[in-house]
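Working notes, structure below.
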Amino acid sequence: MKFIFNKNLVIILFFFPNFLFSQNEDKVDVYTKYKPLLSDARRVESQPEIKHPEPQNLNLKYNFTDFRYKVNPNFTPVSAQGYKAKALIPENSNFVKAGFGNYLTPLVHINLHNSYNKNYSYGLNVFHLSSSGKTQNSFMNDDVQLFGSRALNGNNLSGKIGFDRFSYYYYGYDHEKYNFKKDSINQVLSDIYTNIHFDNINTPKKVKTGFDIDFFRFASKEQAELNYKISNSTSFIIRNGEISIKSAYEGFTTDMDTGKFIRNYVDINPSYKLKYKEVYITAGVFASLIFDSTESSPIIYPQFNLDYYLVPEKTKAYIGLNGSLYKSSIKYLYNKNPYITPYFEIRNIYSPYIIYGGIKGKIGNSFDYLIEISHQAVKNMPLFLSDSFELRKFVLLYDDIGLFKFKTGINLKKFEKIKLSTDFTFFGYTTNETYAYQMPQFEWNTNISTMLNSKISLGANVFVIGKRYAKTVGAWQSKELSPIADININAGYNLNKKLSIFINLNNLTNKDYQLWYNYPVYKINGIGGITFKF
């Protein structure tokens with residue numbers, strides 16, 4: 001058992017966040033907050049801000065593998081489509097974007113939407129990005145989504161349906177020793193998904209309610225998985241507090257080589273929120289009854305959060321205790337690490353307790369900050385070991401770990417033209433293994449963007465990832481993976497109100513570093529093109 005904690009590193013990176021100030025970009029989404037997405041246009045970012053408390057569940061994100069192309073619109077980006085409330089659609093949100101880069105990389109992005117209407121909205125989003133410059137790490141990503149919403153007598157009905165396809169290769173083998181045919185190392189992930197949402201949050205009624213119907217079919221070349229979920233959220237005011245009851249029924253059917261694996265969940269999450277002067281208290285429980293192909297079991301976790309506003313609406317201190325259940329699936333595991341072997345055991349991820357506390361605040365309208373410390377127990381945390389076969393896929397290693405996190409971040413917005421954000425997270429692991437394999441020691445992300453004038457926009461990003469450890473099945477020793485510093489810049493120029501050009505340059509350090517052991521990313525790369533909005 002080993003605990004990794006470097007106090008000096010935390011202090012240095014916390015008090016000197018501008019060390020890489022000149023190497024920033026616009027926005028980045030990261031694997032477990034360090035893995036960038038393929039496109040900025042559909043990304044939802046998380047930044048420190050003042051808001052009502054929410055349970056601090058285990059942060060396990062669903063992201064595709066890292067490829068170095070991140071393309072930003074050269075105009076006000078279309079907000080990521082949300083389906084919990086009707087969003088205002090800016091004028092001229094329609095655009096067609098096309099570009100091309102080294103490694104033979106074409107980009108096409110089309111976004112179509114009706115003009116703003118207070119009663120309804122609908123649209124279509126089409127995205128394609130691929131690279132075929134190198135056999136070993138070429139890829140193709142296609143995504144098509146239809147969406148819409150309708151206001152009904154103060155209520156809101158919305159929905160979406162989409163298809164996502166991602167094709168790539170297991171290229172981590174020894175290329176001097178082996179020469180595999182492309183068909184034998186190819187993997188294809190496809191995802192058909194839909195959501196229907198209804199709520200009455202826009203009405204003056206004391207009782208608020210909403211429900212969702214969700215479905216997806218996710219498949220690799222070897223496996224397929226169906227998911228269906230019906231959920232409801234109801235809240236109402238009682239005296240000086242608010243009662244909220246969330247419930248859901250969710251099912252998974254997974255087709256594996258050994259047969260079908262069926263899991264069903266019945267969830268209920270009642271809570272009570274009370275305000276007294278500058279104190280907000282939320283208390284409740286999360287309970288789930290789990291049925292699967294082999295057994296059934298209940299879980300009950302506490303949910304508690306206390307906020308105290310040191311400065312009303314400006315600065316708050318908070319503490320909390322809760323637990324969480326993460327319903328694992330082949331969709332989650334493939335997109336956490338796309339290079340895993342296709343045959344693996346699926347285990348749910350449990351956090352019996354999560355203890356956290358911190359301070360959030362803002363100064364004026366241009367600066368906000370966050371400092372948070374948390375510790376949690378995680379049962380069945382998926383770690384990854386390289387297999388000993390030629391293709392060097394990854395096999396799952398489930399472990400029970402203790403996870404300590406220290407997080408701090410700031411946002412600065414000046415004159416509506418300059419935006420700066422930086423956040424740093426340190427991780428400490430207590431594990432039954434020698435190391436928490438492939439998990440980072442820390443993550444640090446800094447972004448800056450500016451409009452020099454009405455025509456020229458500039459942006460930069462740098463993300464730094466601490467050392468990680470990798471291991472091959474059967475090996476006695478682990479391999480230390482060096483820290484990563486990835487620098488990216490972008491620029492845009494508005495030719496007129498409708499037409500603009502853009503360029504993105506990524507991985508300026510020209511390092512083929514390994515986010516996943518034996519799988520190096522592209523070296524320096526770029527993509528440029530035009531955007532036409534109408």
Side-chain angles (χ1 to χ4, degrees), residues 26-29 35-44 62-75 77-81 92-113 122-148 160-169 171 182-183 185-194 216-221 331 334-335 338 488 490 492 498-507 521-522 525-534:
D26 162 282
K27 299 176 182 175
V28 68
D29 227 323
K35 189 173 182 181
L37 294 178
L38 292 175
S39 171
D40 287 318
R42 296 172 292 141
R43 181 164 56 220
V44 179
Y62 165 54
N63 288 324
F64 276 133
T65 182
D66 170 65
F67 295 102
R68 289 274 55 85
Y69 294 97
K70 299 175 292 300
V71 183
N72 309 312
N74 187 35
F75 51 92
V78 180
S79 298
Q81 182 68 22
N92 298 325
S93 63
N94 299 314
F95 67 83
V96 176
K97 185 169 191 171
F100 196 81
N102 62 331
Y103 299 109
L104 300 178
T105 303
L107 164 74
V108 177
H109 190 183
I110 302 172
N111 188 88
L112 304 176
H113 202 287
Y122 57 87
L124 170 69
N125 192 66
V126 180
F127 178 83
H128 169 85
L129 181 68
S130 62
S131 176
S132 55
K134 290 187 176 182
T135 301
Q136 66 267 28
N137 57 355
S138 57
F139 68 93
M140 179 180 294
N141 183 208
D142 296 295
D143 190 11
V144 179
Q145 183 182 111
L146 285 167
F147 53 88
K160 63 179 177 179
I161 183 170
F163 173 73
D164 194 7
R165 183 181 184 276
F166 189 54
S167 175
Y168 60 99
Y169 297 90
Y171 63 90
K182 292 187 68 173
D183 291 343
I185 60 174
N186 177 243
Q187 180 60 279
V188 179
L189 306 178
S190 62
D191 188 14
I192 301 173
Y193 56 92
T194 185
F216 72 75
R217 182 187 184 276
F218 181 87
S220 66
K221 293 177 69 173
K331 177 175 180 174
Y334 260 110
N335 291 279
N488 313 278
N490 65 81
K498 294 184 178 296
L499 191 64
S500 60
I501 59 176
F502 68 90
I503 185 170
N504 288 70
L505 298 176
N506 304 292
N507 196 7
V521 302
Y522 287 131
N525 59 84
I527 189 168
I530 61 173
T531 300
F532 177 71
K533 57 179 180 177
F534 53 96

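The nearest pair of heavy atoms linking Y522 to S131 is OH-OG, 2.9 Å. Across S220 and L189, no two heavy atoms sit closer than the pair CB-CD2, 3.8 Å. The heavy-atom pair separating N507 from N488 by the smallest distance is N-OD1, 3.0 Å.
When side chains are defined from C-beta on, F166 does not count as touching Q187, because their heavy atoms never get closer than 4.5 Å. Residues N525 and I527 are not in side-chain contact: their nearest non-hydrogen atoms beyond the backbone lie 4.5 Å or more apart. Residues K498 and F532 form a side-chain contact, since some pair of their non-hydrogen atoms from C-beta on lies under 4.5 Å apart. With a 4.5 Å cut-off on side-chain heavy atoms, I161 and Y193 do not count as touching. Using a 4.5 Å heavy-atom cutoff, the side chains of L146 and N125 are not in contact. Two residues are said to be in side-chain contact when any heavy atoms from C-beta on lie closer than 4.5 Å; F216 and D191 meet this criterion.
F127 does not carry K97 over the face of its six-membered ring by the limits of under 6.0 Å from the centre and within 45° of the normal.
With sequence neighbours excluded, the residues forming a side-chain contact (heavy atoms from CB on, under 4.5 Å) with I530 are I501, listed by chain and number. With sequence neighbours excluded, the residues that form a side-chain contact (heavy atoms from CB on, under 4.5 Å) with I192 are F163. Under the side-chain contact (heavy atoms from CB on, under 4.5 Å) criterion, V188 pairs with R165, S167, N186, K221, sequence neighbours left out.
The closest donor-acceptor contact from the side chain of Y168 to the backbone of P338 lies under 3.5 Å.
Side-chain polar atoms of Y171 and S138 form no donor-acceptor pair below 3.5 angstrom. With 3.5 Å as the limit, one finds no donor-acceptor pair spanning the side chains of D143 and H128. When only modelled atom types and interatomic distance are considered, D164 and N141 share a side-chain donor-acceptor pair under 3.5 Å.
Taken from CZ in R217 to OG1 in T194, the straight-line distance is 15.0 Å, to the nearest 0.5 Å. Put simply, CG on L107 and CZ on F100 are 11.0 Å apart, with the number rounded to the nearest 0.5 Å. Interatomic distance, F218 CZ to K331 NZ, rounded to the nearest 0.5 Å: 7.5 Å. For the atom pair CD1 of I503 and CG of N490, the computed distance is 10.0 Å after rounding to the nearest 0.5 Å.
Relative orientation of the Y122 and H113 rings is parallel, given thresholds of 30° and 60° on the angle between their planes.
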*Assess whether side-chain contact (heavy atoms from CB on, under 4.5 Å) is satisfied between L129 and V108, documenting all intermediate values.*
CA-CA 7 Å; L129 181 68; V108 177; over 6 Å; no

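Aromatic ring centroids of F95 and F534 lie 6.0 Å or more apart.
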